[in-house]
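Structure first, then comments.
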Amino acid sequence: MDRYDPIKIEQKWQQIWADTSAFKATEQNGTPKMFLAEMFPYPSGAGLHVGHVRNFTIVDVLTRFYAQQGLNVLRPFGYDTFGLPAENYAIKTGIAPQEVTKTNIDNFRTQAKRLGFAIDWSREINTSDPEYYRWTQWCFLQLYKKGLAYQKESYQWWCPVDQTVLANEQVENGKCWRCGHEVEKKKMKQWFFKITEYADELLESIDSLEWPDKIKTMQKNWIGRSIGAEIDFHLTDSQKITVFTTRPDTIMGATFLVVAPEYAGLDYLLTDDTREEVLAYKSAALKKSEIERQENKEKTGVFTGSYAINPATKEKIPIWVADYVLAGYGTGAIMAVPAMDDRDREFAEAHNLAIVETELVDRDLYGTPKTMYKMRDWLISRQRYWGCPIPIAYDSEGDPHPIPEDQLPVMLPEVKDYQPDSSGRSALAKATDWLKVKVYNEKTGKIEEMTRETDTLDGYACSSWYLWRYASPHDTKAAWDPEAIRYWEPVDIYVGADHAVAHLLYIRFWCKFFADEGYLPFREPIKKLIYHGYINAPDGKKMSKSKGNVIDPLDVINDGYGADTLRTYEMFIGPVELDAAWDPRSVGGVYRFLNRCYNLLDSISDIDNNITIRNKTIKKVTTDIHKYNFNTAVAALMEYVNELYKTGACHEDLVALAKLLKPFAPHLASEMLERLDANDEWPTWDDKYLVSDTVELVIQVNGKLRAKLTLDASDLDDEEKIKSLALADPRIAKYTADGIKKSIFVPRAKLLNLVV
RNA sequence: GCCCGAGUGGCGGAAUUGGUAUACGCGUUCGACUUAAAAUCGAAUGGAGCGAUCCAUAUGGGUUCAAGUCCCAUCUCGGGCACCA
């Protein structure tokens, strides 16, 4: 017969799937649903990389597996398109981000189709499509109405290269997550989402999720709840400093107070003698980069000139300012207990402050109980062009007003000059016509001309609700259709390799908010999460253009291996949660395996020799996919094929093989099933075929393997018989000449251990 | 510094509740087919030894009839957090 020609077979089936809209999903009441999704990609100019392929293939294996089992499966696809790369490209080339985005999406779609993914292409979404971001703006307005979107002036992380502020979650080791440049602090008025409102629930409900412990722990640490108390230290009868502490019981040892350089009431504490020195210290601290603060943990600080009374000891204690106290946490002021706290002791020793051993007192004696979180509110303003416009306008007094919902979307205007500047306003500030808008002013009761907000939304806002959009992606009346939501959502299995705290925390926050508003009938958006590892270059290093070690998945297909080999290889490469290094020779091994599957069609035996291993393989592959052990599922199929080569494959053997293979190599499997005249219904096994008539019994002496006996399965009930058979065996007898002390028989393990 | 996770052949990795360590794949070697090569098919492959055997799951202890798996220390690597009071 003909040779295995993956390119030909794959083209044929991709055409069939396209022509028949094979993966279109519709609600079917009475049929159990399964909603699967990957973290949708940012469509870069480079096209799909092997990491995308791993991500999408995991989803695809599960999609096809559940579909073959008769579930009503939804597997949509979309593009997360707002963001810096397209805008930076526009600044460099003058080509509009809208245009580049379209080109890149087209390329991604074409490439994804060549991989044979079972995607419902009628549900494609794109976050920079006005029909989509119209509803992102609607989401913003719902949060705004409830006071969960608000403006605040404060010190924020600012990236001087990208010329925008960043959320806490987007600062990695003091550097910008996009360009890697050190971030600075800048005082600006910015928009926030009040995620802290849900801190307790985000923390407490996380244990109910079937997510990897690693992610759960990271989120818990990020939220960082501390239970303690706030305590007032009075300077005078009317002036006080409130501190937060987790150890109010150590107050007897509090020998001084420390406030952060940014502390709001700092000025009041200064005296003529100290003012100059303290202000110099403050401006130096603000200039320090986060990197410098991290590297240099020396405890610097200066005395403010003021004193407060310790309410427990009634002692007058000095107030210092030091940058080891953080402005953004607690009250920005602490009581220092150098006898108990390492950092306070270091500071006290460096500045000759009193250290007194403390006796513990009752926790509630001097303060009021208070819970504090490390998590801050989510900063969402971005001073960049290529993002979702914030639907807000300002009146002549600078007060914000929401754009009415019936005027959405606030379209992102086309501009010529995308370059941001250090003024703190995006390129949208130059779109002078667009800036003007007439909005009703509830203060004056009139429609007035106002000025639009020129910041755009953090891209994470766009991805905080897209999983719900998938349920009714073309809805023009609402962000999502409640009926479709009730049927499909929440997501059953979500697959990704990134965004452990940012995206996966934000989407949980929005879910809880919209549940409270009555728009969602559940409080957690994602039941199960598969967090897979990266694929590295053959040398084990991260793939990168500059190192020239990038493997292009399309090259693998075009080299003649085909998509099925690529997909199956990436599932076989190792445990799903671990990083793996690309091995071009192993790709060849998987190709050989698929080739062997195909060639089995040439000689179909009439005799069924393989009932046991067939049933065993069906069981193994089924349970492995349920456990996401894709690598061992593929290994089981390889073992099965090796066996079929030895014993000869009958029709039923091959049908089972093709069905089990289909999630991994759908084109080849479809071809095989067609030639075998079979459907793709997932096969079942019968445990009665898994027990054979004879069993191999392991005989150990002192725990070491010494012999194997083949017996009738029924003999496993007869311990005495087994023992005498073992003792009679010459390989055993030579160890047991002096008799045995005891014997342990384990029928479950088919094992007999003799102790001499 | 703190919190997780992981250390198994030449390599990627398998191993129900503790129960035959090294499945599967790569690589290597040999053989068949071929004028030859590729492809394909078959066989061998943890180390030492002629052998019976002995030694091997990061290191050192422990529990057990039995430990890759459980317990205690130590080392190495990866990830996260990092002055959060």
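To find a chain, count down the sequence lines: A is the first, B the second, and so on, and within it residues start at 1. Keep in mind that the numbers below use all heavy atoms, side chains included, and drop hydrogens, waters and symmetry copies.
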Between [X] and [N], is there a side-chain N or O to OP1/OP2 distance below 4.0 Å?
{"X": "A:Ser226", "N": "B:A85", "value": "yes"}
{"X": "A:Lys704", "N": "B:C55", "value": "yes"}
{"X": "A:Arg596", "N": "B:G42", "value": "yes"}
{"X": "A:Arg592", "N": "B:A38", "value": "no"}
{"X": "A:Asn642", "N": "B:A23", "value": "no"}
{"X": "A:Asn631", "N": "B:A14", "value": "yes"}
{"X": "A:Lys299", "N": "B:A85", "value": "no"}
{"X": "A:Lys214", "N": "B:G5", "value": "no"}

Could you check how far [atom1] of [X] sits from [atom2] of [N], rounded to whole Å?
{"X": "A:Phe664", "N": "B:C24", "atom1": "CZ", "atom2": "C1'", "answer": "13 Å"}
{"X": "A:Asp602", "N": "B:C41", "atom1": "CG", "atom2": "P", "answer": "12 Å"}
{"X": "A:Asn753", "N": "B:C65", "atom1": "CG", "atom2": "P", "answer": "10 Å"}
{"X": "A:Met571", "N": "B:G25", "atom1": "CE", "atom2": "P", "answer": "19 Å"}
{"X": "A:Lys708", "N": "B:G19", "atom1": "NZ", "atom2": "C1'", "answer": "13 Å"}
{"X": "A:Phe572", "N": "B:G13", "atom1": "CZ", "atom2": "C1'", "answer": "8 Å"}
{"X": "A:Asp624", "N": "B:A15", "atom1": "CG", "atom2": "C1'", "answer": "12 Å"}

[X] and [Y] aromatic centres sub-6.0 Å:
{"X": "A:Trp378", "Y": "A:Phe192", "value": "no"}
{"X": "A:Tyr506", "Y": "A:His499", "value": "no"}
{"X": "A:Tyr4", "Y": "A:Tyr591", "value": "yes"}

### Task
Can you sort out the partners of A:Asp498 under salt bridge (charged side-chain N to carboxylate O under 4.0 Å, His left out), two or more places apart, ordered by chain and number?
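Checked A:Asp498 against salt bridge (charged side-chain N to carboxylate O under 4.0 Å, His left out); zero matches.
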Can you sort out the partners of A:Lys619 under salt bridge (charged side-chain N to carboxylate O under 4.0 Å, His left out), two or more places apart, ordered by chain and number?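 Here the qualifying residues are A:Asp687.
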Where the side chain of [X] is defined as all heavy atoms beyond and including C-beta, which of [options] is the nearest nucleotide?
{"X": "A:Tyr645", "options": "B:G13, B:G42, B:A85", "result": "B:G42"}
{"X": "A:Asp583", "options": "B:A85, B:U40, B:C26", "result": "B:C26"}
{"X": "A:Ser586", "options": "B:A85, B:U40, B:C26", "result": "B:C26"}
{"X": "A:Val698", "options": "B:A85, B:U20, B:A43", "result": "B:U20"}
{"X": "A:Val746", "options": "B:G19, B:A85, B:C24", "result": "B:G19"}

Regarding [X], tell me which of base, sugar-phosphate or nothing describes its non-hydrogen contacts under 4.0 Å with the strands shown.
{"X": "A:Glu577", "value": "nothing"}
{"X": "A:Arg706", "value": "sugar-phosphate"}
{"X": "A:Gly589", "value": "sugar-phosphate"}
{"X": "A:Asn599", "value": "nothing"}
{"X": "A:Ile573", "value": "sugar-phosphate"}
{"X": "A:Lys741", "value": "nothing"}
{"X": "A:Lys734", "value": "sugar-phosphate"}

Mind checking the [atom1] distance from [N] to [M]? Whole angstroms is fine.
{"N": "B:G13", "M": "B:G27", "atom1": "C1'", "value": "14 Å"}
{"N": "B:G1", "M": "B:C83", "atom1": "P", "value": "15 Å"}
{"N": "B:G79", "M": "B:U64", "atom1": "P", "value": "40 Å"}
{"N": "B:G68", "M": "B:U59", "atom1": "C1'", "value": "15 Å"}
{"N": "B:A32", "M": "B:A21", "atom1": "P", "value": "36 Å"}
{"N": "B:G7", "M": "B:A58", "atom1": "P", "value": "8 Å"}
{"N": "B:A48", "M": "B:A15", "atom1": "C1'", "value": "25 Å"}
{"N": "B:C11", "M": "B:C50", "atom1": "P", "value": "25 Å"}

#### Entry: Base of B:C81 paired with side chain of A:Lys374 (donor-acceptor, under 3.5 Å)
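By the distance-only test, no, there is no pair.
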task: Only pairs at least two apart or in different chains count here, so list each side chain to side chain donor-acceptor pair (under 3.5 Å) that has a residue in residues 567-581 of chain A.
output: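 Qualifying pairs: A:Asp60-A:Arg567.
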Listed once per pair and sorted, the side chain to side chain donor-acceptor pair (under 3.5 Å) pairs that draw on residues 697-711 of chain A, sequence neighbours left out
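Side chain to side chain donor-acceptor pair (under 3.5 Å) check on residues 697-711 of chain A returns A:Arg706-A:Tyr735.
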Query raised in the report: Do A:His532 and A:Tyr628 meet the criterion of a side-chain donor-acceptor pair at a distance under 3.5 Å?
Result: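 No, no side-chain donor-acceptor pair sits under 3.5 Å.
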### Cation-pi check, A:Lys542 onto A:Tyr534 ring (under 6.0 Å, within 45° of axis)
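Verdict for A:Tyr534: a cation-pi partner in A:Lys542.
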**Asked** Just checking, A:Lys299 and A:Phe347: is the charged tip under 6.0 Å from the six-membered ring centre and within 45° of the axis?
**Response**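 The answer is no, since A:Lys299 fails at least one limit relative to A:Phe347.
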- Query: Can you tell me if A:Arg247 uses its side chain to pair, donor with acceptor, with the backbone of A:Asp341 under 3.5 Å?
  - Reply: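 Checking the backbone N and O of A:Asp341 against the side chain of A:Arg247, no donor-acceptor pair under 3.5 Å is found.
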Using the 3.5 Å cut-off, write out each protein N or O paired with an N or O of nucleotides 44-49 of chain B and the distance between them.
none

- Query: Any Lys/Arg nitrogen of A:Asp653 or A:Arg614 sitting under 4.0 Å from an Asp/Glu carboxylate oxygen of the other?
  - Reply: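 Yes, charged N to carboxylate O under 4.0 Å.
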### Query
Does A:Arg225 come within less than 4.0 Å of A:Glu204, counting only side-chain N to carboxylate O?
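Salt bridge flag = yes for A:Glu204 with A:Arg225.
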- Query: Which ranges of RNA chain B pair up as stems, where a stem means three or more consecutive Watson-Crick or G-U pairs with both distances under 3.5 Å?
  - Reply: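 In RNA chain B, stems of three or more pairs: B:1-7 with B:75-81, B:10-12 with B:24-26, B:27-32 with B:40-45, B:46-48 with B:53-55, B:58-62 with B:70-74.
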I want to verify the glycosidic state of B:G9; is it syn or anti under the 90° rule?
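The base of B:G9 is oriented syn (glycosidic angle within 90° of 0).
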First of A:Val501 and A:Glu639 reached from the 5' end of RNA chain B, by closest nucleotide: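 Mapping each residue to its closest nucleotide by heavy atoms, the 5'-most match is A:Glu639.
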